[in-house]
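Side chains included, hydrogens not; waters and symmetry mates left out as well; all remaining heavy atoms used. Order of the sequence lines sets the chain letters (A, B, ...), proteins ahead of strands, with each chain counted from 1.
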Number of protein chains: 4
Amino acid sequence: MARPKSEEKRLHLLEAAAQAVAERGVGAPTALVATMAGVAEGTLFRYFPTKEALLNEMYLYISEQGWSSVDTSFDPSLSLIERARRIWDAHIDWALAHPVWNRAVTQLSVTDILTAETRAAEMAMFPDVHMLELVQASDVTAGHPSRYADALFIAVANTTIDFAMREPGRITEYKDSGFLAIRRMFFD
Amino acid sequence: MARPKSEEKRLHLLEAAAQAVAERGVGAPTALVATMAGVAEGTLFRYFPTKEALLNEMYLYISEQGWSSVDTSFDPSLSLIERARRIWDAHIDWALAHPVWNRAVTQLSVTDILTAETRAAEMAMFPDVHMLELVQASDVTAGHPSRYADALFIAVANTTIDFAMREPGRITEYKDSGFLAIRRMFFD
Amino acid sequence: MARPKSEEKRLHLLEAAAQAVAERGVGAPTALVATMAGVAEGTLFRYFPTKEALLNEMYLYISEQGWSSVDTSFDPSLSLIERARRIWDAHIDWALAHPVWNRAVTQLSVTDILTAETRAAEMAMFPDVHMLELVQASDVTAGHPSRYADALFIAVANTTIDFAMREPGRITEYKDSGFLAIRRMFFD
Amino acid sequence: MARPKSEEKRLHLLEAAAQAVAERGVGAPTALVATMAGVAEGTLFRYFPTKEALLNEMYLYISEQGWSSVDTSFDPSLSLIERARRIWDAHIDWALAHPVWNRAVTQLSVTDILTAETRAAEMAMFPDVHMLELVQASDVTAGHPSRYADALFIAVANTTIDFAMREPGRITEYKDSGFLAIRRMFFD
DNA sequence: CATGAATGAGTATTCATTCAT
DNA sequence: TATGAATGAATACTCATTCAT
């Protein structure tokens, strides 16, 4: 069966793509991605049929990484608000620990490169962390699709991350303030 | 830089750039922009030295348009919360009325194309609508730069716009819910 | 060159090459040929050192197939003109029955891929069917190399095949008319 | 109106394309064509949208050149057979004088690159030289489309050209013999 | 011996920018 | 001043061939 296709190279390509997009936007050359991944230009296209496919898979890969850190902090015995805080902390912490990935995801998400399938797959990836169940009583999101609550949560989180990254000495303050905003919106 | 002759052409180019970026992302060709503006390829570069300059100016132009509609609705005799609501409504309405411009701005803002000068100029453009004065008492934004309040406001607004655009029949509901979120965050 | 193991695979590769060239021209990828032959990409190069070698051998293989059907219909007891007609029929029938091979040969023959050796080998392949002996008395080909008569025969045949393929309902008419042309040229 | 697009460059590109295809087949790089034409790589694509378009136009251009030399020798006062001979001579002479163009046309015509429009345009290009009128009485082509007569004529001519090119000292003999074949086929 | 992963030179096409008209 | 022809570096993707398994 000759050499098997290396899962390691696949991951290197995915991570190189994230790095490249973070640094140069979605216009980052595939040649740069390949170089960063330590493989030949042509090799990239044996792992991903097109650049678009690469970027979609990269997006999913990163989302997976990000939300898996949230999942592990999930604990059903906690109160709703405590669970929301856990999710909040995990998300912010992860983003701050991986600024490059955060940036890559931000760049991609405003583009038309992401397919409907990718966006759907992302949603399906973390069913348990949907805000909906946490905030079902909130009149802010009453009557709206559950994704609206998620999106508000993420929007506030991303804004908070943005500011925290620029003032690393005040991360805690931003995290607290941001969550206070969430709490007021949904739980008070 | 001697002013080029036709201010009209300049505006056409700016608007064409917005349209082009909205449709094709920041990679939209300058030739396309020129065509959309009804001028020749080379003419674009008599008005803007580079593509980056064009996009920066376009960003500012659109922001100006957007916030000018807010300015006109500014009325110092109203209560803080009523003024916030006016700003909210004006912003959402403008964005929904100009989806193309909204999209162009969104695309650009995640890019490195926007210079620090542009971002600063944008801030300076609407000093009177800063949320800060409205929410100075809020413990959510206490101790943070005034831009944090602005950014949270805009983040919630953009999320709301996003959903409202996809469900045009429920625009009013989204506007109300979104503002409820703002009100809770900052005023309750 | 040690003979590779499977003669069957070799033939599969040859036929796959013909199919591929017929469908995609001489630029058809070796990977496609391999896939069509049911072997791995690399395997092709264990049977043929280069793509050019493969195409040359393929050309010869097909010519061989084609002319072998003529040989079998060769009957020395017939008159010259009857023998010519047999050859004509066999050639046309074979081409119409194998349009793919016919097309592959046509594509290859205008290319520089075919070596002088290949062209010589093709000639040597069917000494007995040379037109020359049939038409030695013809003043059309008098004084010219025997290949000229062959080439005229084949040119008229290929033209006839071309038209017959496009009008399958009138194959008989084209065969008759084409041979009438041959007969007039050489025998009348 | 700036510089007008140079008709001269267009012709250089067309002729360079013919040369390149003659030398390297239809796979000849567009970069080579541009270099041979003395223009930059990008310039080629301002004159022709794609390589395919270039090759189609080149085919038509060459056909036009070739048949125009035939047209000029057209003289209605001559007998049918004399007119056929004129056409024959003009065609053979032109091909021998322009071996490169002849080769380019041969390469292209077996390919799928030529569109139906191109083939139709070629036909329309020389209505007056159709063999049909010359040979309407011939029982070889009776009942067949007029293109069959043309095709037979061209097939015999090309074969003759082929041999004449390889034996330049015997051009006259080949021309005479070839036309004898034509005459027998159609006129005797 | 067969496989298919890896390679990197090669390909058509795009595009920001310049400059002759 | 406006035009659009000209440019050539850059880009995504292909493919014949090699070689580790």
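Rounded to whole angstrom, the span from the CG atom of A:L44 across to the C1' atom of E:dA5 amounts to 14 Å. Between C:L55 atom CG and F:dC15 atom C1' there is a gap of 14 Å when expressed in whole angstrom units. The distance from atom NZ of D:K5 to atom P of F:dT7 is 13 Å, rounded to the nearest whole Å. For D:F48 and F:dA5, the CZ to P distance is 14 Å, given to the nearest whole Å. Summarising the geometry, the separation between NE2 on D:H12 and P on F:dA5 is reported as 18 Å, rounded to the nearest angstrom. Straight-line distance from the CD atom of C:E52 to the C1' atom of F:dT17: 13 Å, rounded to whole Å. Between C:L13 atom CG and E:dA2 atom P the separation is 10 Å, expressed in whole Å.
Both B:T43 and C:T50 lie near DNA chain F, and the one whose nearest nucleotide falls closer to the 5' end is B:T43. Take the nearest nucleotide of DNA chain E for B:R24 and for A:V39: the residue whose nucleotide is more 5' is A:V39. The residue among B:P29 and A:G42 whose nearest nucleotide of DNA chain E is located toward the 5' end is A:G42. Between D:A40 and B:A40, the residue whose closest nucleotide on DNA chain F is further toward the 5' end is B:A40.
Using a 4.5 Å heavy-atom threshold, the side chains of D:H12 and D:S6 count as separate. With a 4.5 Å cut-off on side-chain heavy atoms, C:L11 and C:Y61 count as touching.
Atom CG of B:L54 sits about 13.0 Å away from atom OH of B:Y47, to the nearest 0.5 Å. The NZ atom of A:K5 sits 10.5 Å away from the OG1 atom of A:T43 when rounded to the nearest 0.5 Å.
Of the candidates F:dT7, F:dA5, F:dA2, the closest approach to any side-chain atom of B:E41 belongs to F:dA5. Nearest to the side chain of B:F45, among E:dA6, E:dA16, F:dA16, sits E:dA16. Closest to the B:R46 side chain, of the nucleotides F:dT1, E:dT14, F:dA5, is F:dT1.
Remark: C:T30 is not in phosphate contact with F:dC15, judged by side-chain N or O atoms under 4.0 Å from OP1 or OP2. The phosphate of E:dA2 (OP1 or OP2) has a side-chain N or O of C:K9 nearer than 4.0 angstrom. Between B:Y47 and the phosphate of F:dA2, there is a side-chain N or O to OP1/OP2 separation shorter than 4.0 Å. B:K51 has no side-chain polar atom (N or O) that falls below the 4.0 Å cut-off from OP1 or OP2 of E:dT17.
With hydrogens and angles left out, the side-chain atoms of C:Q19 and C:E15 include no donor and acceptor closer than 3.5 Å.
Here A:A28 lies in heavy-atom contact (under 4.0 Å) with sugar-phosphate atoms only.
When both pairing distances are held under 3.5 Å, F:dT17 makes a Watson-Crick or G-U pair with E:dA6.
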